[in-house]
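Below: the structure, in structure tokens.
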Amino acid sequence: MWRPLVTREHDTSNITATDRYQRFSYDHAGRAIFQSYPGSTASLTAGNWSEYDALGRLTSSSGDSELGLLTTVTEYLPGMDVRMTSPRGDRSITHHQVFDTPSYQSPISIEQPAAGEPGIRTRVVRDVLGKPTRIVRESF
């Protein structure tokens, strides 16, 4: 697989002032596991990091920041539910509509509980073909 490891961009009218690099790393399946923030040298180490499970699903997404590494964790629960935990510890659970082939493309409910406050639930009502017919937001 041909994947760029380092990219270089610049304006040809002023190369020294506009030179910009970005570095990438990939896993055995060709998925990006590191994408650096653009910078002025080719040896960049700060950026976005991704981890995948054995089925190729994203399980962790991290980004370097001035506060340190901020990580969002994705857990795949039974019944085609997905729980995401943000760097702040906020969690949301997404329920998916599934027929014969498992897919995370058709959410039917997203629950966002809030600590000490009512949570928010977004329901996506779908027809028999899976097309959304109504979207409802409510407290729970």
Side-chain angles (χ1 to χ4, degrees):
M1 280 190 243
W2 292 92
R3 301 270 190 248
L5 297 178
V6 177
T7 60
R8 178 184 180 204
E9 299 175 346
H10 59 268
D11 184 348
T12 55
S13 65
N14 190 357
I15 294 174
T16 56
T18 61
D19 228 2
R20 184 176 88 158
Y21 295 88
Q22 193 168 12
R23 193 169 70 82
F24 303 89
S25 295
Y26 304 91
D27 66 5
H28 67 281
R31 296 178 296 242
I33 57 172
F34 175 71
Q35 178 180 0
S36 74
Y37 298 137
S40 58
T41 67
S43 58
L44 302 165
T45 58
N48 294 314
W49 306 83
S50 300
E51 294 180 11
Y52 301 89
D53 65 8
L55 299 177
R57 302 176 298 188
L58 183 67
T59 58
S60 173
S61 178
S62 303
D64 291 300
S65 78
E66 61 278 355
L67 300 174
L69 194 62
L70 302 177
T71 303
T72 298
V73 176
T74 305
E75 301 168 83
Y76 298 91
L77 307 173
M80 293 300 290
D81 294 344
V82 178
R83 178 173 41 223
M84 295 187 74
T85 306
S86 74
R88 292 183 175 185
D90 297 330
R91 291 184 173 188
S92 66
I93 297 176
T94 305
H95 309 277
H96 296 87
Q97 181 182 44
V98 179
F99 294 110
D100 61 343
T101 305
S103 171
Y104 295 101
Q105 300 299 317
S106 300
I108 56 172
S109 173
I110 302 168
E111 297 174 0
Q112 299 166 298
E117 298 178 19
I120 298 172
R121 177 182 296 126
T122 303
R123 290 187 301 124
V124 180
V125 180
R126 297 179 180 272
D127 64 14
V128 293
L129 300 176
K131 296 183 179 178
T133 59
R134 190 172 38 147
I135 298 175
V136 179
R137 286 190 65 128
E138 57 195 11
S139 295
F140 71 95

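This one's a predicted model, so the numbers in the text were calculated from it and none came from an experiment.
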Quick one: [atom1] on [X] to [atom2] on [Y], what's the gap to the nearest 0.5 Å?
X: Tyr52; Y: Ile33; atom1: OH; atom2: CD1; value: 8.5 Å
X: Asn48; Y: Ser65; atom1: CG; atom2: OG; value: 10.5 Å
X: Gln112; Y: Asp90; atom1: CD; atom2: CG; value: 9.0 Å
X: Leu44; Y: Arg23; atom1: CG; atom2: CZ; value: 7.0 Å
X: Glu9; Y: Asp19; atom1: CD; atom2: CG; value: 10.0 Å
X: Arg20; Y: Tyr37; atom1: CZ; atom2: OH; value: 14.0 Å

Provide the full list of ring-ring contact (aromatic ring centres under 6.0 Å, His included) pairs with a residue in residues 121-140, sequence neighbours left out, each pair given once. none

Going by side-chain hydrogen bond (donor to acceptor under 3.5 Å, both in side chains), name the residues that satisfy it together with [X], two or more places apart in sequence or in a different chain.
X: Gln105; answer: none
X: Ser13; answer: Asp11
X: His96; answer: none
X: Arg83; answer: Glu75

[X] versus [Y]: any side-chain heavy-atom pair under 4.5 Å?
X: Ser50; Y: Arg31; value: no
X: Thr72; Y: Pro87; value: yes
X: Ile110; Y: Met84; value: no
X: Thr101; Y: Ser103; value: no
X: Leu5; Y: Tyr26; value: yes

Between Asp127 and Lys131, does at least one N-O distance fall below 4.0 Å, as a salt bridge requires? no

Using the rule that Ile, Leu, Val, Met, Phe, Trp and Tyr join whenever any side-chain heavy atoms are under 4.5 Å apart, tell me whether Val82 and Val98 fall into a single cluster. yes

In one Ile/Leu/Val/Met/Phe/Trp/Tyr side-chain cluster, 4.5 Å: Tyr104, Leu58: yes

Linked hydrophobic residues, Phe34 as query - side chain contacts closer than 4.5 Å: Trp49, Leu69

Using a 6.0 Å distance limit plus a 45 degree cone around the ring axis, check whether Arg3 lies over the aromatic ring of Phe24.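 Relative to the ring axis of Phe24, which defines the angle, Arg3 lies outside at least one limit.
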
Closest non-hydrogen contact found for Leu67 with Leu70 is CB-CD2, 4.5 Å

Taking all atoms of both residues into account, what is the closest heavy-atom pair of Pro107 and Val124, and its distance? O-CB, 3.5 Å

Given Ile108 and Arg126, is the side-chain contact (heavy atoms from CB on, under 4.5 Å) satisfied, shown in steps? CA-CA 8 Å; Ile108 56 172; Arg126 297 179 180 272; 4.1 Å; yes

Mark yes or no for whether Ser36, through its side chain, and Gly47, through its backbone, hold a donor-acceptor pair below 3.5 Å.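 Absent.
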
